[in-house]
Engineer: 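Below are the structure tokens for one structure; questions will follow.
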Amino acid sequence: MLKPTVESALNLQIEREEFSSRLYLAMAIWCEVKGYPGAAEFLYRQSDEERMHQLKLVRFVNDRGGVATLHSLEQPQAEFTSLLELFQEVLKHEQYISASINEVYGITLQEKDYTTGNFLQWYITEQIEEESTMSLILDKITLAGAESSGMFHIDKELGGMIQDAVVAAE
Ligand code: OFO
């Protein structure tokens, strides 16, 4: 049975994962409309992944005798000045989510809820991977400079990252 402090921390994380999914959806839409199809595919996929992260938490809370709750969410940022600014926001958001997961993990330690702490390890590892992928992308965009030919190649590369992930999953 989940303690109320752990249950409410997990519910807050559910809200944040749902917001992440909506934020990446808004970003994917911006990329698609602005002519970055590769980046759009990448972000649509990220949005789906965040939804999966949310669902995994929802199922865990319910399985452990708690009740997953949903909240209303603020509207995500939908306008960006460039692909560079957009991915700067992505990295900032991932860092914020990592801090949030660490906070929830800290609460499980305080409450001696090692089962939930163990469950959260998956999220901790996932955040390390996501932060490193996003900062790699950001480095590439920065190196490519603002020219449209550089952005064209970055966009193709982002589209290719999706193909690689699909092949790896098969
Ligand atoms: Fe939910 O994986 Fe990052 O944010």
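As the structure lists them, so they are numbered: ligands from 1, and atoms in each ligand from 1.
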Engineer: Scan side-chain atoms only and decide if S20 and H53 contain a donor-acceptor pair under the 3.5 Å cut-off.
Structural biologist: no
Engineer: Applying side chain to side chain contact (heavy atoms under 4.5 Å, CB included), name anything that partners N62, two or more places apart in sequence or on another chain.
Structural biologist: V58, A68
Engineer: Assess, by modelled atom type and distance only, whether the side chains of E49 and Y24 contain a donor and an acceptor separated by less than 3.5 Å.
Structural biologist: no
Engineer: Who passes side chain to side chain contact (heavy atoms under 4.5 Å, CB included) against R22, sequence neighbours left out?
Structural biologist: L73, P76
Engineer: Need the atom name: nearest N/O/S atom of E94 to atom 3 (Fe) of ligand 1.
Structural biologist: OE1
Engineer: Do E131 and S98 have side-chain N/O donor and acceptor atoms under 3.5 Å apart?
Structural biologist: yes
Engineer: If a pair satisfies salt bridge (Lys or Arg N to Asp or Glu O under 4.0 Å) and one of its residues is in residues 66-91, list it, with sequence neighbours excluded.
Structural biologist: E89-K92
Engineer: Quick one: how many protein N/O/S atoms are under 2.8 Å away from atom 1 (Fe) of ligand 1?
Structural biologist: 3
